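Notes follow once the structure below has been shown.
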Amino acid sequence: MSNFSAQRVRAETPEFLRVINDHPLTYLDSAASSLPPRAVIEAMSRYYELRHANVHRGVYQTANEATDAYEGARATIARFINAPGGADEIVFTKNATESFNLLAKSWGLANLGRGDVVLISEMEHHANIVPWFQLREVTGVEVRFLKVTDDYRLDLSTLDEDLAGVKLLSITGMSNVLGTINPVRELADAAHRHGALVAMDAAQSVAHAGLDVTALDVDFAAFSGHKMLGPTGIGVFWTRQEILAAMPPFLGGGGMIADVRTDGYRPATGPSKFEAGTPPIAEAVGLGTAARYLESLGLDHVVAHETALTADALTRLAHHFAGRVHVIGPATTQARGGVISLDVEGVHAHDVAQVLDEFGVCVRPGHHCAKPLMRRFGLAATARASFGPYSLTADTDVLIEALEHAVKLFG
Amino acid sequence: MSNFSAQRVRAETPEFLRVINDHPLTYLDSAASSLPPRAVIEAMSRYYELRHANVHRGVYQTANEATDAYEGARATIARFINAPGGADEIVFTKNATESFNLLAKSWGLANLGRGDVVLISEMEHHANIVPWFQLREVTGVEVRFLKVTDDYRLDLSTLDEDLAGVKLLSITGMSNVLGTINPVRELADAAHRHGALVAMDAAQSVAHAGLDVTALDVDFAAFSGHKMLGPTGIGVFWTRQEILAAMPPFLGGGGMIADVRTDGYRPATGPSKFEAGTPPIAEAVGLGTAARYLESLGLDHVVAHETALTADALTRLAHHFAGRVHVIGPATTQARGGVISLDVEGVHAHDVAQVLDEFGVCVRPGHHCAKPLMRRFGLAATARASFGPYSLTADTDVLIEALEHAVKLFG
Amino acid sequence: MSNLDDLYREIILDHYRSPRNRGQLATPPAHRVEGFNPLCGDEITIDLLVDDGVLVDLKLSGQGCSISQASSSLMSVAVKGKSRDDVRHAIASFKEMMLRHESALSDDESKNQVARLRELGEIAALQGVVKFPVRIKCATLAWNTLAQGLDELAL
Amino acid sequence: MSNLDDLYREIILDHYRSPRNRGQLATPPAHRVEGFNPLCGDEITIDLLVDDGVLVDLKLSGQGCSISQASSSLMSVAVKGKSRDDVRHAIASFKEMMLRHESALSDDESKNQVARLRELGEIAALQGVVKFPVRIKCATLAWNTLAQGLDELAL
Ligand SMILES: Cc1ncc(COP(=O)(O)O)c(C=O)c1O
Ligand SMILES: Cc1ncc(COP(=O)(O)O)c(C=O)c1O
């Protein structure tokens, strides 16, 4: 029997004590950023209170403790995503976006030239689009888009043709707009058959669908701390040790060098090569704590819980607002996470969110950094509600009540 | 009369409650990272407890509060460094090192080619060296070094020749090894006369010598939160609004775009253009609090206090260890901050630090990410003691006692 | 829901539901200018027909929230057929309204403000937006885009 | 100061103060290999003279802390004149010693450990280093550099 209790997670998450416009907080924006539990917040405070020091170059006790805490987080994350080569494969960045820039500007610059293809998809976040455009400007690499079907899935009907000439398939595990969970293992197998490597945008999937890089057989993964109950200011870049070792440096500075002379420098080896400057030490402590917290909840239970909430919400939204409120995403919870993008007829997403705020309901209006996807469906914006481990059916109740008000106000 | 009290700052800094090897903490490593006061730690905790949300794209209340907190920090930093164009000139990065990479890889790539010269100095931190070497690999720009004199000052005897052909002078405000404070205004005037722009590494000077970019008349500045009583995971890049507006994008992703289509993208304007992905929100809150805390202490008082400690320490070190312990840096506090690098004859810096740790004394051994400078003086490592606003004469007492033990142990 | 009532006044909902001057003009002779609000994805395209220093006609297309749509619609009514100076003046008055929180005004300024609001006519209905700082960008998008168009036309 | 006494045993201080086999060999015939510890700035250069599978001579230069200097000096004494296999074995034994905290050993392993330490001879004086994890890199630098040299010589 599962010990998982969303009520308990909520009780452990301080922000739920907030009262917004005389309503308790109905936080439905975990896809943008999750709310950290007390354990994560306190781990960082304790770090700053007791053992803050710069890492790596110290000999004294608190510097050793800080280094152990930082490197310990690396080991925790390696375990959490089942990195085959362990901690030496984990690079800490500032966010998933930097991880993609590292991928494109280190590995990509060295490996992707004119005549090569990067295959992404129409449902990618800008973090997995813009760095490739920037690389294209420099090397002339072709950026190709997998299409999205009318029922909000990747169009894999011509996958083999699409993979022709592809050196890298870079694909999201879970869409932050549609909720669609992509068949990453299947895609990785197909890409590998074509000799391509596979990068995974795990920003959404890491905390809402799980991430096992070994089982998925991907070659790169990128995600952020703040979407997995961790802090801002930290992201993760993972790749296999052999690939990491062959990647040229990215940002230059202290910590990433083996030697510097007035006539040149030699880079360090291992993850350090990509961690220039003082790293996000407290953030790593927070991220490690968040990963352990998710492990203690059991990610399977989190996923099951969020799936149940999603199924319930999809049914009730269809029932209440037949024809007036459209869900931009798969209609069932089959290969789908708890991200529910809404298009309310006659009410712009911005206005939906504004009205919902009066009820203490936090949803995010906009393009969700996925403009090509929005264009694909002829939308400028959706109002997106998304669940986390602390979400409850009661949140959906309030969401529906507030949506009713919005629909009424705009007539 | 000054209200400044180092004792009170110490009382407000939780880490001083630590006991190390049965000794109270003697923290002399502020040049590597400073210890944050309770106010900074709590500001971040409160942020995570009450108003964490992703910034910029939200409509609901906590998202607005998070955005206001983040943008408010930008305004605080603009005031703190007296940025002529205000908050629109402040870009938040992950650390000073990223700020230098942004400078080299955005502005530098667009403006520095073969035949151009970047003038740095032998006393630069790797953060202000390696990005220029990386740029040289790409564009062929020449990287030239201002020499350091035997009395640990910039050699300005041939400044006019050195500035010939220079497009950018990039120089540290205060050496993190020597403590030397450079005449930045004078250098900026000379560089401007030669038509060069001026970048300042303010990582050390921002909290130990003060930073007024308007008075210094520099064109770029870079520094880190964690060296000014703030958190890890955040740095600052400052430049004039006109220059910022003309700089091409650096990292690509969400937040830094105006539009993305499947065939290309248009960058955003203002600081956002350089802040790809979810920014360091809690870190900005912490950094803003740190800047306000320093303002409340009065940076003049902090500098005066640290100068007095340094004068006392220099005198006593010379007196106690005549001939055996060499200070690698100016012998007086004239244009000099509270960084005291020690070379103990017959005892390697690593061993010095190890012995000092037994006394609870935190000093940093090594090359301090300044290998060219170390080579200049034929040193592999120094043991560096550095002061902060919470430092006391008693710290110097313990330092000297522990050094005596090290000298005795190694005979 | 009194906050919301301040924001969504009837006249705003009316202009949102039935926006004026929608469509496009032939370019040339008209000049086309585009505006984006990267934060919320609002887009606006304005076709401007200028003759002898007068904004003879303008048409709007694009998409956005009720505030940005109503603001652009109200703007189009206010500036159509106006001289360069009148258009520039309307832009300035509107942006000033968006910048100022009433509470922050001195008595003298308040009086000026009332006078200006009267001048702005129906557009003053957008005044409630200043209580919702994130929505100010929605309200100003059309006006900034119009100003940009005038700049491009060197008007 | 008992911790420190464990680290800085007399034999270590002796090798630090009077390092053995310092200097350089002519290259060629000797093979030169360099090692860096980027964290603390330690540098070592080893010149290796190999003849018929035997490490006939080696000389060390560079700089570093007492631990890295003593470790390299102790190493030079232990491997000079030894066969490829003996050198490789010494490297493996040393690195194993550095990896293991005594407390984490089972009884059987402990016995093996004791046997190996005896085998290592004077080098066992470096055992105290494992209590100071950050110093392990100082102790292993010379050994890793030696191993790299052997690899380069395909020995
Ligand atoms: C003078 C100087 N510049 C740059 C840096 C780099 O700062 P960070 O490691 O926070 O990027 C440091 C600190 O290490 C420094 O002392
Ligand atoms: C699918 C996806 N990829 C990438 C990102 C970028 O993450 P970050 O903004 O933390 O860099 C996000 C979140 O915004 C996302 O949802």
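Because the structure is a prediction, the values reported are computed rather than measured. Just so it is clear: chains get the letters A, B, ... in the order the sequence lines come, proteins before strands, and each one is counted from 1.
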- Query: So what's closer than 4.5 Å to chain C heavy atoms on A:Val347: side chain, backbone, both or neither?
  - Reply: backbone
- Note on the structure: Here the pair of heavy atoms bringing C:Tyr8 nearest to A:Val355 is CE1-CG2, 4.1 Å
- Query: Taking all non-hydrogen atoms of both residues, which atom of C:Leu13 and which atom of A:Leu409 are closest, and how far apart?
  - Reply: CD1-O, 3.9 Å
- Verdict with supporting geometry, C:Gln63 and A:His348, side-chain contact (heavy atoms from CB on, under 4.5 Å): CA-CA 9 Å; C:Gln63 34 196 352; A:His348 190 277; 5.7 Å; no
- Item | Main-chain N/O of A:Phe410 paired to C:Arg17 side chain as donor or acceptor, under 3.5 Å | yes
- Give me the one residue out of C:Cys65, C:Ser66, C:Ser68 that meets side chain to side chain contact (heavy atoms under 4.5 Å, CB included) with A:His350. C:Cys65
- Message: Looking at A:Asp22, I want to see if its CG is surrounded by more than 12 non-hydrogen atoms of other residues, nucleotides or ligands under 6.0 Å.
- Response: no
- Message: Can you confirm whether more than 12 heavy atoms, excluding those of A:Asp151, are under 6.0 Å from its CG atom?
- Response: yes
